[in-house]
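Below is one structure, written out as structure tokens; the observations come after it.
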Amino acid sequence: MSDSPENEPTTEVPYRFDVDATTASLLAEHGGIADGEETGVTATVAGRLMLKRDQGKIVFGVLQDSTGRIQIFAPAKTTPDFEGFSSLNLGDWIGVTGEVIKTRRGELSIRPSAWTLLAPTRRPFPDKWHGITDPDTRYRQRYVDLWVSEESSRTLRDRSRILSLTRRWLEDREFIEVETPMFHHVASGAMARPFATHHNALDLDLFLRIAPELYLKRLTVGGFERVFEIGRVFRNEGISTRHNPEFTMLELYWAYADYTDIMELVENLVSHLAVEICGSTTISYGDRELDLSTPWRRATMIELIAEHTGRELSIDMDRDALAAIATEFGVEVKEWYGPGKLILEIYEKTTEAKLWGPIYVTDYPKEVSPLSRDHREHPGLTERFEAIVAGRELCNAFSELVDPDEQLARFEDQEAERAAGEAEAMGMDRDYIRALQYGLPPTGGLGIGIDRLVMLLTDSKTIRDVVLFPTLRPEQGEVDSVASTDSDAIAAEPDSSETE
RNA sequence: GCGCCUCUAGCUCAAUUGGCAGAGCAUCGGACUCUUAAUCCGCAGGUUCUGGGUUCAAGUCCCAGGGGGCGUACCA
């Protein structure tokens, strides 16, 4: 950095600043006054200077804080250090104290009796009208995007509200929030490839969790009857508009409940959030409408396949007959696919994409549901469902498998699939079996992808818009760019031009 | 992974068949006492993502690489 006198203010910014109002509160309290009226009320606000209109003897600034914007009306006659105020840069953080007035043109404003530079910006802010349009820059420099893209700010603040509302809603129903390990010895509880890491002192290979499921059910065994966790999980797979390698999962376990109780819980929670965030249970997503009012339709996977293909399938059908039907629909059949996997593949190929929802797709085949309890009426199926909302899977839930011997057998089946070439088969967790041997009561469990829920409620078309800092490759030349701060910076300009 | 598209000043974008790399905003200097993306005058601002190649001449054409976007595959 330059040592020029012009840079001195950067070392004089205060350590703290007392604010007694927000732009939104001022607008709410005084927005109704007449043009040209003065309130006699003095307020102090702080934020960034986002616009500046210099009239010579009057400077109009626009200050933005986390609640909105207000105009700063600064006449030379009454503004302390008027020269300094008029030489502020767009993007500078300032604190302003002054009377709340409305200008003759009807803009609610603060007329400064004092102002303080809280932090200068040394880099120019983006175009004040266009902001940042390049998605790469928006995600990498979210700290700027949040100021210049109202949509980003609103969506990501809504995400925070959704998390808060969800926690409160669950706590109101006696669920307690817990934190379980992120480092797992075995990647299990879901079908996905994990990230691997290593603990040096223990000389121990570990995986970042792909799901908290098995730990949470250990807690049910331990007597936590209603428990949930909202936390990050990590899956080592592709990135897309719907996938970020780290994402946030809500998982919940409810002792003495079954999957029908979970269905009621999900639709009640989601419609509650829709009302709180969107103001209605009817919301729009993209160019379509979605009615989230309860109850949501329930239909079994086999019923839905029949609806969309006219084919009446059954889990009891001959494996090769199912394989032939699957092939007919374009499924790439692998040797180790049993009837259950074939039915799931047929569903995914023919039916899933046509569903808009909200709808519960129920009674998944046992073969593809290693943690779900056998269906009480239909052998070969389980009491599992997924909710499809806006054409996407929103959650996965089931009556939990409680029998340790059966669970052991399912894990062994998974290991056999892994051996047969299924890279994402679920890992064997023997301690979890031991926990089940102590007795897991009847339990309903649920997993909701929070990012997708936020996408739904904020009408976002990519997951990157609901994640503050989505996973990206490292920026090319990043270090050089940072090192060049002093040469391209606003703060370095005055000494170069004024000495000429 | 694969396919298609894209990358030019801090930001938003131009640049004809291959012919001197430009504008607006921001910044800097100047004018202006009610502006609303203020306006007006002026200065400055570039490794055209990188590296090769073709050509008298490349932002433009070719090859390789990098970043990003979209689609597809896997999944939540």
Side-chain angles (χ1 to χ4, degrees), chain A residues 6 35-36 50-62 69 71-79 82 86-87 89-91 101-109 111 121-141 144-145 148 190-193 210-211 233-251 332 348 386-387 392-396 422-424 447-453 455 461-464 470 472-478 480-481 484-485 487-498 500:
Chain A
E6 288 83 359
D35 295 357
M50 297 304 285
L51 293 171
K52 193 179 68 178
R53 297 179 286 274
D54 189 339
Q55 291 275 294
K57 293 293 196 330
I58 299 180
V59 172
F60 299 88
V62 173
R69 291 179 165 194
Q71 177 166 274
I72 309 299
F73 175 81
K77 214 192 295 186
T78 61
T79 305
F82 179 73
S86 47
S87 66
N89 284 313
L90 299 191
I101 63 159
K102 189 168 267 188
T103 60
R104 296 206 287 266
R105 304 278 188 183
E107 186 75 27
L108 192 73
S109 307
R111 185 173 53 208
T121 177
R122 297 188 178 202
R123 290 177 180 268
F125 250 52
D127 187 283
K128 62 191 177 190
W129 185 248
H130 298 97
I132 307 175
T133 59
D134 178 24
D136 184 30
T137 309
R138 289 185 46 227
Y139 301 139
R140 288 188 199 281
Q141 297 181 228
V144 180
D145 180 49
V148 301
M191 314 261 210
R193 294 163 69 175
I210 57 173
V233 300
F234 308 87
R235 298 189 184 176
N236 205 340
E237 283 159 2
I239 294 177
S240 78
T241 51
R242 291 167 296 280
H243 299 87
N244 199 55
E246 51 176 315
F247 63 99
T248 300
M249 182 93 101
L250 161 65
E251 283 204 12
E332 204 177 307
E348 287 178 350
E386 289 192 357
R392 301 210 181 112
E393 297 159 30
L394 180 73
C395 71
N396 183 24
E422 175 55 273
E424 295 177 353
I448 295 185
I450 290 291
D451 310 84
R452 289 188 182 174
L453 178 63
M455 286 171 68
K461 59 184 181 300
T462 164
I463 196 169
R464 294 182 198 93
L472 298 170
R473 285 194 166 86
E475 190 175 358
Q476 194 181 18
E478 188 175 14
D480 294 346
S481 163
S484 70
T485 303
S487 63
D488 62 13
I490 294 170
E493 283 297 315
D495 51 358
S496 56
S497 51
E498 285 182 5
E500 281 165 7

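To find a chain, count down the sequence lines: A is the first, B the second, and so on, and within it residues start at 1. No hydrogens, no waters, no symmetry mates; every other heavy atom, side chains included, goes into these values.
- Here B:rG68 is the nucleotide among B:rG68, B:rU33, B:rC11 with the atom lying nearest to any side-chain atom of A:Arg140.
- Distances shown here put a side-chain N or O of A:Arg473 below 4.0 Å from the OP1 or OP2 atom of B:rG67.
- Using a 4.0 Å heavy-atom criterion, one finds that A:Thr133 contacts the sugar-phosphate atoms exclusively.
- Contact check, A:Arg53 against B:rA37: no side-chain N or O comes under 4.0 Å of OP1 or OP2.
- Of the candidate nucleotides B:rC34, B:rU72, B:rA38, B:rC34 has the atom nearest to the side chain of A:Phe60.
- Taking the side chain of A:Ser240 as heavy atoms from C-beta on, and the options B:rA73, B:rC70, B:rG24, the nearest nucleotide is B:rA73.
- The phosphate of B:rA38 has OP1 or OP2 within less than 4.0 Å of a side-chain N or O from A:Lys128.
- When distances are taken from the side chain of A:Glu237 to each of B:rU33, B:rC74, B:rG68, the shortest belongs to B:rC74.
- Of the listed nucleotides (B:rC74, B:rU33, B:rU12), B:rC74 has the atom at the smallest distance from the side chain of A:Glu424.
- The side chain of A:Asn89 contributes no N or O atom lying less than 4.0 Å from OP1 or OP2 of B:rG10.
- Heavy atoms of A:Lys102 sit nowhere under 4.0 angstrom from any nucleic acid atom.
- Between A:Thr121 and B:rU27, a side-chain N or O to OP1/OP2 separation shorter than 4.0 Å is absent.
- The CG-C1' distance, from A:Asn244 to B:rG68, rounds to 15 Å in whole Å.
- The residue A:Ile448 sits apart from the nucleic acid: no heavy atom pair falls under 4.0 Å.
- Here the side chain of A:Lys77 is nearest to one of B:rU33, B:rC25, B:rC34, namely B:rU33.
- Heavy atoms of A:Glu107 sit under 4.0 angstrom from at least one base atom.
- For a distance-only test at 3.5 Å, the side chain of A:Asp136 fails to qualify as a donor-acceptor partner of the base of B:rG69.
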Item to check | A:Lys461 and A:Thr241: CA distance, side-chain angles, deciding distance, side-chain contact (heavy atoms from CB on, under 4.5 Å) verdict | outcome: CA-CA 7 Å; A:Lys461 59 184 181 300; A:Thr241 51; over 6 Å; no
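- Across all strands shown, A:Gly449 has no heavy atoms under 4.0 Å from either base or sugar-phosphate atoms.
- Between A:Arg464 and B:rC70 there is a side-chain polar atom (N or O) within less than 4.0 angstrom of OP1 or OP2.
- Heavy atoms of A:Gly36 sit nowhere under 4.0 angstrom from any nucleic acid atom.
- Position along RNA chain B of the nearest nucleotide to A:Gln141 versus A:Pro135 favours A:Gln141 as the more 5'-ward residue.
- Residue A:Thr241 is in sugar-phosphate contact alone, with no base atom involved, counting any heavy-atom pair closer than 4.0 Å across all strands shown.
- Taking for each of A:Arg104 and A:Ala192 the nucleotide of RNA chain B with the nearest heavy atom, the 5'-most of the two is the partner of A:Arg104.
- Comparing atom distances between the A:Asp54 side chain and each of B:rC11, B:rC32, B:rA37 picks out B:rC32 as nearest.
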